[in-house]
Each structure stands twice: as C-alpha cells, then as structure tokens.
Amino acid sequence: MSQLVQIHAQMIRNHLSQDSFGVSKLIEFCALSEYGNLHYAHKLFDQIPEPNTFTWNTIIRGYANSIFPRQSLCLFIRMLKSSIYPNLFTFPFVIKACAHLVAFEEGRQVHGMILKAGADNDVFLINGLIHLYASCGKIEAARKLFDGSCKRDLVSWNSILCGYMNCGLMEMAKRLFEEMMERDVVSWNVMINGYAKLGDIDKARELFNMMPTRNVESWNIMISAYAKCGLLESSKKLFDEMPERNVVSWSGIITAYAQGGQPTEALALYDEMRKAKMKPNCRTIVSVLSSCAQLGAFDQGKDIHMYVDQSKIKVDSIIETALIDMYAKCGRVKNAVRIFDKLESRDVFAWTAMIGGLALNGHGKKALELFGEMEDAGVKPNAVTFVGVLCACSHCGFVEMAWHYFNTMTTVYGINPHVEHYGCMVDVLGRAGRLEEAVSFLRSSPAKDDAILWGTVLGACWIHRDVKLGETVGDLLIKLEPNDSGIYVLLSNIYARVGRWDDARKVRLLMESKSLQKNPGCSAIEVHGTVYEFYVGGKLHCRAEEIYLKLDEIAFRLRLLGYVPNTSPVLFDIEDEEKEHAVLHHSEKLAIAFGLISLDDGVPIRVVKNLRVCCDCHTVAKLISKIYNRQVIIRDRNVFHYFRDGLCSCKDFW
DNA sequence: GGCATAGGTC
C-alpha cells in the first residue's frame with residue numbers, strides 16, 4: 001500500500017494526476033485488491049474532477065464487497081445525480097449492497113431502473129435480484145423472478161434454494177433440491193446450512209456425508225453447525241480432520257469456543273492460528289476480543305487492539321463495540337470511554353456496551369446519564385440496554401430509579417421484561433434490605449420458579465443477616481435445585497454468620513450426603529502477558545513458597561493494625577486457627593500476594609474472580625491497598641471492586 | 001461480475 005502512495009505522489013509530481021486513466025487504475029487496485037485500502041481509493045476518487053462510468057463502478061463495487069455497503073448506495077445516488085448512466089456492470093454491485101443491507105425499498109427502486117434500462121433478461125442481474133428479494137424475506141417476489149427468467153442457470157437455482165432456507169421453508173427447499181437436474185457443491189452446502197439453522201444437526205451431517213465432493217466451505221458450515229448446537233467437541237474434531245483450512249475455518253472454531261463460554265481455549269486457538277501463519281480478519285478479531293473480555297485479559301486485549309491498528313484490518317462498528325466491551329470488562333473504563341467518544345455513529349450495541357461497562361465498573365450515575373443521552377440521540381434501547389441500566393441502579397442502591405426504568409421499559413419502549421430484569425429488581429430490593437418487597441415482587445412475577453432469582457434473595461438474606469427468611473427461601477431452593485451446591489453453601493453461611501454453628505454444620509452434612517462439592521473459587525491474575533489461575537489453598541504455582549511467605553507477612557502486618565480475620569465464610573467446625581488459615585488461603589488472596597511479589601511497584605493488582613468476593617477478602621484487600629500503598633482491583637462475578645487507600649469503590653455494598 | 005460458511009451489548 002505504501003508503494004502505491006509513493007506511485008501516486010510521483011504521478012502528482014510529474015503532473016500525471018489529471019490523467020484519469022492512471023488514477024482510475026490506482027483506484028481499481030486500492031478498492032478491489034486485498035492489499036489495497038478502500039479509504040484511500042475513496043480519497044483518490046474524490047480528487048478526480050469527472051470520473052467515468054468505469055471508475056464509478058469500481059468504487060461502488062469496492063464498497064459493495066466491503067463491510068461498509070451503505071457507502072455503495074450513497075455513491076450510486078451521487079453517480080445518478082452527476083448524470084453518469086449506470087450500466088450492466090453497475091447494477092449487480094448496487095443490488096449486492098442492497099442485499100447486504102437488507103434494503104428492500106432501495107432494492108425495488110434499483111429493480112425499476114433495471115427494467116427501465118431493458119436489462120431484465122440479463123441472468124446475472126436476475127440472480128442478484130432473486131438473492132436480494134430472498135434476503136429481504138420476500139420469497140414470493142424472488143420466486144416470481146425465478147419462474148419468469150428464461151435463462152436460468154445453476155446459480156439461479158441455488159439462490160432460490162437459499163431463499164427458501166432463509167425464510168425457514170425447509171419443505172419447499174427440499175422439493176426444489178430434489179427437482180434440480182444438476183447440483184454443485186454450493187447446492188449441497190445451502191441444504192446443509194439450512195438443516196443446521198433449524199437445529200437438525202443429524203440431517204445436516206447425513207447430507208455432509210452423502211455429498212459427492214466437499215470444499216472448504218462445506219467443512220466450515222459443518223463446524224459452525226456443531227457449534228450452534230453446543231457440540232463443541234464435534235466441531236473441534238471436524239476442524240482437526242479437515243484437509244485444508246482458511247480464515248473462515250479458524251474464525252469459525254475460535255468463535256465457537258468464544259461463544260461457548262470457553263475463552264481460554266478460544267485464545268489458545270488464536271495462538272495456533274498465528275503460528276500457522278494465517279492472517280486474522282475482522283471477524284476473527286471480534287471473537288478474540290470477546291474472549292479477552294470474558295477473561296478480563298487486558299494485556300492480550302491491548303495487544304490485539306495494537307495489532308488491529310498496525311495491520312490492514314478494517315475497523316467497523318462491531319470491532320469498536322468489541323473493544324469498548326473488552327476495555328470495560330478489563331476495568332479500563334477510560335480506554336472504553338475514549339473509543340466510545342470517538343465513534344462516528346453509535347448503534348444500540350455500542351451504547352449498551354458502554355452503559356453496561358460503566359455500571360460494571362461502579363459508575364452507576366454516569367451509566368444512567370449516558371442512557372439519557374442515548375434517548376436524546378433517538379437510539380431505541382433494547383432489552384439488553386435495560387439490563388445495564390437496572391444494574392447501574394442496583395450498584396448505586398437507587399431503588400426508586402430502578403422501579404422507574406423497569407416500568408418505562410414496558411410502557412415507553414414496549415419491551416417485555418426478561419428474567420434478567422426481574423433479577424435486577426430482586427437484587428436492588430434485596431441489597432436495600434427491602435426483603436419482603438423483593439419476595440412479593442418475585443412471587444408475583446413470571447420468574448417465580450427461577451432458582452437463580454431465589455438465590456439472589458438468599459444472598460440478600462446473608463447480607464442483612466435475615467436467618468428466618470433465609471431458612472424459608474433455602475428450603476424452597478433445595479426443592480427447586482436439590483443438586484446446586486451453592487445453595488447449601490450460602491444457607492450454611494447465613495447460619496455461620498450469626499454463630500449458629502450447629503445449623504451450619506447440619507446443612508453442610510446434608511450437602512455432603514448428596515456428594516455435592518462447592519464450586520471452587522478461582523482467581524486469575526495477568527502478569528507480563530500470562531494469565532495465572534489460583535484456587536483456594538493451591539500449591540501448584542512455581543512460586544508457591546514465596547506466595548505463602550508473602551501471605552504470612554501480610555497477615556502479620558494486618559494484625560498489627562488490629563485486623564481480626566472474619567471466618568464466617570468457613571463452614572467447618574474446626575479450630576479457630578485453622579479457620580483463619582482456610583480464609584487466608586482464599587484464591588483471591590493468593591492472587592494478590594502473587595501480584596505483590598511479581599508486579600513492579602505502583603502497578604495496580606488486578607484480579608478476576610469467578611464467584612463473589614468473600615467478606616474477609618474484601619476487608620483484606622482494603623487494608624492491603626492502604627498498607628502497601630497499592631491499588632487493588634478485583635472483578636468478581638457481578639462487579640468491579642476498586643480498592644484504594646483502605647476504601648472500596650463499592651462502598652462495602654455488593 | 002452473481003449463489004453457500006465465521007463477528008459486537010445479556
């Protein structure tokens with residue numbers, strides 16, 4: 001690309017830049033080659049005083065195949081206004097852009113122009129229109145064109161086949177597939193993808209096994225088909241077996257793991273991809289960023305961001321949203337805000353990611369302000385946006401505000417509350433100590449049988465030491481989810497918190513009699529680009545000895561400050577000293593100690609925990625931030641805790 | 001030059 005820029009500079013020096021043929025060639029290369037740069041092509045295009053039809057077609061074609069198809073339509077309109085007539089090479093790309101944008105009205109207008117130009121017997125154009133109408137869900141219009149076309153080819157058949165699939169008309173597609181005199185690999189791929197979309201994975205596999213020849217796309221389709229059904233192992237097996245892989249295959253398998261809640265595996269595959277010298281594209285990057293977000297892996301996320309800036313990967317609004325989400329979930333709100341502020345246009349995803357990100361990081365008020373700005377900007381919030389808004393209310397303890405938004409959601413925006421919204425309301429009421437209100441709200445809601453929501457109530461009982469309600473809710477929960485260890489743990493914690501050790505032990509025994517084990521707490525910390533995971537009492541780390549020495553030092557210094565360990569999270573009826581030990585070796589404390597010995601002075605210690613932070617770890621983190629003069633940041637299952645100078649951003653309310 | 005596969009907020 002830089003060579004092209006030099007060539008262009010040379011042309012300008014030699015007064016050749018008025019030679020529209022030379023510049024057109026340059027534009028053609030920039031717009032269509034994978035080494036080109038559409039943005040630069042557009043800049044060159046705007047410098048030509050009177051572009052000809054060929055040059056208009058080139059730039060329109062470049063955008064139609066890009067991630068900015070809207071530009072294609074804008075340029076087409078400009079072309080018409082400048083009285084340059086479109087030809088047979090203009091229309092297919094404009095149609096493609098319309099299909100890409102699912103722009104039915106615009107597409108119909110272009111169709112009208114094609115009829116006017118008398119070009120309606122061109123099989124390329126007709127196929128494009130069939131595809132366009134099918135993409136817009138107008139299958140009958142597509143079929144009419146198909147039936148009326150005198151020069152049908154295999155692509156026409158495949159396009160209408162695909163149209164039936166997209167509209168969910170499996171039976172029609174099947175009949176058409178059987179009627180076909182000739183089928184190519186695309187016809188088979190369309191059918192396989194159709195079955196996979198409907199969730200009929202067995203039928204999809206049957207066709208995949210039956211088809212006479214497969215190409216790399218056939219394999220890619222099956223890989224994501226398995227992923228869609230949650231069959232990650234089958235997906236990976238196929239990926240390993242396939243004879244050749246392209247960037248779509250790699251993106252497909254990375255996305256499968258990222259969306260399947262296995263971000264560590266997704267990142268490992270991304271590493272493998274790079275080792276295989278495969279160049280990622282924007283879709284790969286989005287899934288990798290989403291994996292970093294899930295893990296809170298800031299160093300890796302930042303590296304990906306740098307890579308995107310350096311490479312030729314086009315940054316569209318989806319990558320930008322993924323970046324905002326990644327930075328926010330890694331506790332770098334400022335970076336997230338910086339990207340958000342620079343966005344040229346903000347769709348509901350971008351607003352939602354930013355609102356949710358602010359709420360997650362304890363900036364509830366800012367999140368609500370931003371929601372107001374979003375409404376002013378005329379962007380319609382969706383159900384996910386309201387999850388962020390209600391979470392913001394919850395973290396701030398704004399009960400009345402939460403009610404207001406909960407009602408607004410239905411009355412103003414017509415969104416039916418999902419279980420997550422009921423969850424936020426139960427949470428905000430529970431945290432505020434309005435336990436009875438929380439219970440009656442939950443009982444009267446459609447989510448009244450949801451164990452997770454009752455678990456929220458149980459958590460609130462723990463916070464507010466309400467043993468009586470805790471017992472009732474605990475009984476109910478054990479009936480709903482007899483095998484969920486978390487319920488037993490929480491219930492016995494409630495007893496333990498008020499010193500009812502006998503009851504705590506009974507619950508613990510009940511849990512053991514069912515052979516249930518506590519979901520282990522795990523804390524992760526990223527040091528010099530590597531993520532280290534710690535479990536309670538874990539001794540596997542290569543610097544385990546130093547870590548435990550550091551913990552002893554921490555315990556000693558804390559005691560000098562008069563700190564007494566809060567052993568209420570420990571259930572066992574063991575000696576006090578042992579209880580202290582069990583608490584002292586919680587995963588988050590191990591991770592913090594490791595951070596203290598391995599990170600440079602002044603570098604904040606950032607820990608990601610899979611469960612909620614326990615009360616004692618919270619206190620200890622506050623004290624560590626004071627005595628070691630070090631910022632400690634813990635992202636737990638719900639929220640970020642920023643510890644500084646002996647205080648926490650959550651104001652001890654979580 | 002056209003038909004099939006992979007992406008963001010919960």
Side-chain angles (χ1 to χ4, degrees), chain A residues 32 57-58 60-61 64-65 67 87-93 95-96 99 122-132 134-135 142 153-163 165-166 184-194 196-197 215-225 227-228 245-256 258-259 280-290 293 316-326 328-329 346-357 359-360 381-388 390-391 418-421 423-424:
Chain A
L32 305 181
N57 287 351
T58 308
I60 288 171
R61 179 179 162 195
N65 291 323
I67 49 178
N87 62 16
L88 280 180
F89 289 89
T90 323
F91 291 124
F93 300 110
I95 295 170
K96 190 171 182 179
D122 185 290
V123 66
F124 284 123
L125 287 182
I126 296 303
N127 287 344
L129 287 167
I130 291 173
H131 174 63
L132 165 74
S135 308
D153 64 7
L154 192 47
V155 176
S156 323
W157 283 87
N158 287 341
S159 300
I160 195 77
L161 196 63
C162 187
M165 288 297 190
N166 286 338
D184 67 358
V185 62
V186 177
S187 328
W188 286 90
N189 286 349
V190 168
M191 289 303 287
I192 293 173
N193 192 41
K197 256 189 188 165
N215 62 8
V216 62
E217 281 81 10
S218 323
W219 290 85
N220 292 347
I221 289 165
M222 272 315 293
I223 287 172
S224 44
K228 269 175 218 148
R245 304 182 186 112
N246 61 15
V247 62
V248 179
S249 328
W250 282 100
S251 301
I253 194 73
I254 290 172
T255 303
Q259 293 182 344
N281 66 11
C282 63
R283 297 199 177 201
T284 327
I285 294 298
V286 167
S287 292
V288 172
L289 285 173
S290 149
D316 62 6
S317 64
I318 300 185
I319 290 202
E320 282 164 333
T321 305
L323 281 169
I324 291 171
D325 183 51
M326 183 274 290
K329 293 226 171 85
R346 297 167 185 160
D347 62 8
V348 62
F349 286 92
W351 283 101
T352 303
M354 194 66 254
I355 290 169
L360 180 74
N382 63 21
V384 185
T385 320
F386 277 101
V387 174
L390 293 175
C391 278
H418 304 180
V419 61
E420 292 91 342
H421 303 105
C424 289

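Just so we're on the same page: letters track the sequence lines, and every chain starts at 1.
A search for salt bridge (Lys or Arg N to Asp or Glu O under 4.0 Å) contacts involving A/K96 returns nothing, not counting sequence neighbours. Remark: A/S135 pairs with A/A99, A/H131 by the side chain to side chain contact (heavy atoms under 4.5 Å, CB included) rule, at least two apart or across chains.
Using a 4.0 Å heavy-atom cutoff across all strands shown, A/V190 reaches sugar-phosphate atoms only and no base atom. Using a 4.0 Å heavy-atom cutoff across all strands shown, A/V186 reaches at least one base atom of the nucleic acid. Looking at heavy-atom distances under 4.0 Å, A/I319 makes contact with a base. A/S317 comes within 4.0 angstrom of a nucleotide base, judged by non-hydrogen atoms across all strands. Contact annotation for A/S251: base contact, defined as any heavy-atom pair under 4.0 Å involving a base atom. Among the protein residues, A/N246 comes within range of no part of the nucleic acid, since none of its heavy atoms lies under 4.0 Å from any strand. Using a 4.0 Å heavy-atom distance criterion, A/S290 is classed as making no nucleic acid contact. Looking at heavy-atom distances under 4.0 Å, A/C282 makes contact with a base. When heavy atoms are screened at a 4.0 angstrom cut-off, A/Q259 is found touching the sugar-phosphate backbone but no base atom. Using a 4.0 Å heavy-atom distance criterion, A/D316 is classed as a base contact. Using a 4.0 Å heavy-atom distance criterion, A/L88 is classed as a base contact.
Taking only side-chain atoms of A/K329, from C-beta outward, the nucleotide of B/dC10, B/dA4, B/dC3 with the closest atom is B/dC10. The nucleotide whose nearest atom lies closest to any side-chain atom of A/R283 is, among B/dT5, B/dG7, B/dG1, B/dG7. Here the nucleotide nearest the side chain of A/V387, chosen from B/dG1, B/dT9, B/dC10, is B/dC10. Of the candidate nucleotides B/dG7, B/dT9, B/dC3, B/dG7 has the atom lying nearest to any side-chain atom of A/S287. Of the candidate nucleotides B/dA4, B/dT9, B/dA6, B/dA4 has the atom lying nearest to any side-chain atom of A/C162. Listed nucleotides B/dC3, B/dT9, B/dC10 differ in distance to A/N158; the shortest reach to its side chain belongs to B/dC3.
Side-chain contact between A/N281 and A/S251 is present, with heavy atoms from C-beta onward closer than 4.5 Å.
The CD1 atom of A/I254 sits 11.5 Å away from atom OG of A/S290, with the distance rounded to the nearest 0.5 Å. In this structure, A/L289 CG and A/C282 SG are separated by 11.0 Å, a value rounded to the nearest 0.5 Å.
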Discussion item. Apply side chain to side chain donor-acceptor pair (under 3.5 Å) to residues A/N220 and A/N246 and explain how you reach the verdict.
Written reply: CA-CA 9 Å; A/N220 292 347; A/N246 61 15; 3.2 Å; yes

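Between the side chain of A/D347 and the base of B/dG8 there is at least one donor-acceptor pair of N/O atoms closer than 3.5 Å. Interface remark: the A/N220 side chain does not form any donor-acceptor pair with the B/dA4 base, using a distance-only criterion of under 3.5 Å.
Whole-Å rounding puts the A/E320 CD to B/dG8 P distance at 16 Å.
The phosphate of B/dT5 has OP1 or OP2 within less than 4.0 Å of a side-chain N or O from A/N193.
Nearer to the 5' terminus of DNA chain B, by closest-nucleotide assignment, is the contact made by A/V155 (compared with the other of A/V155 and A/I67).
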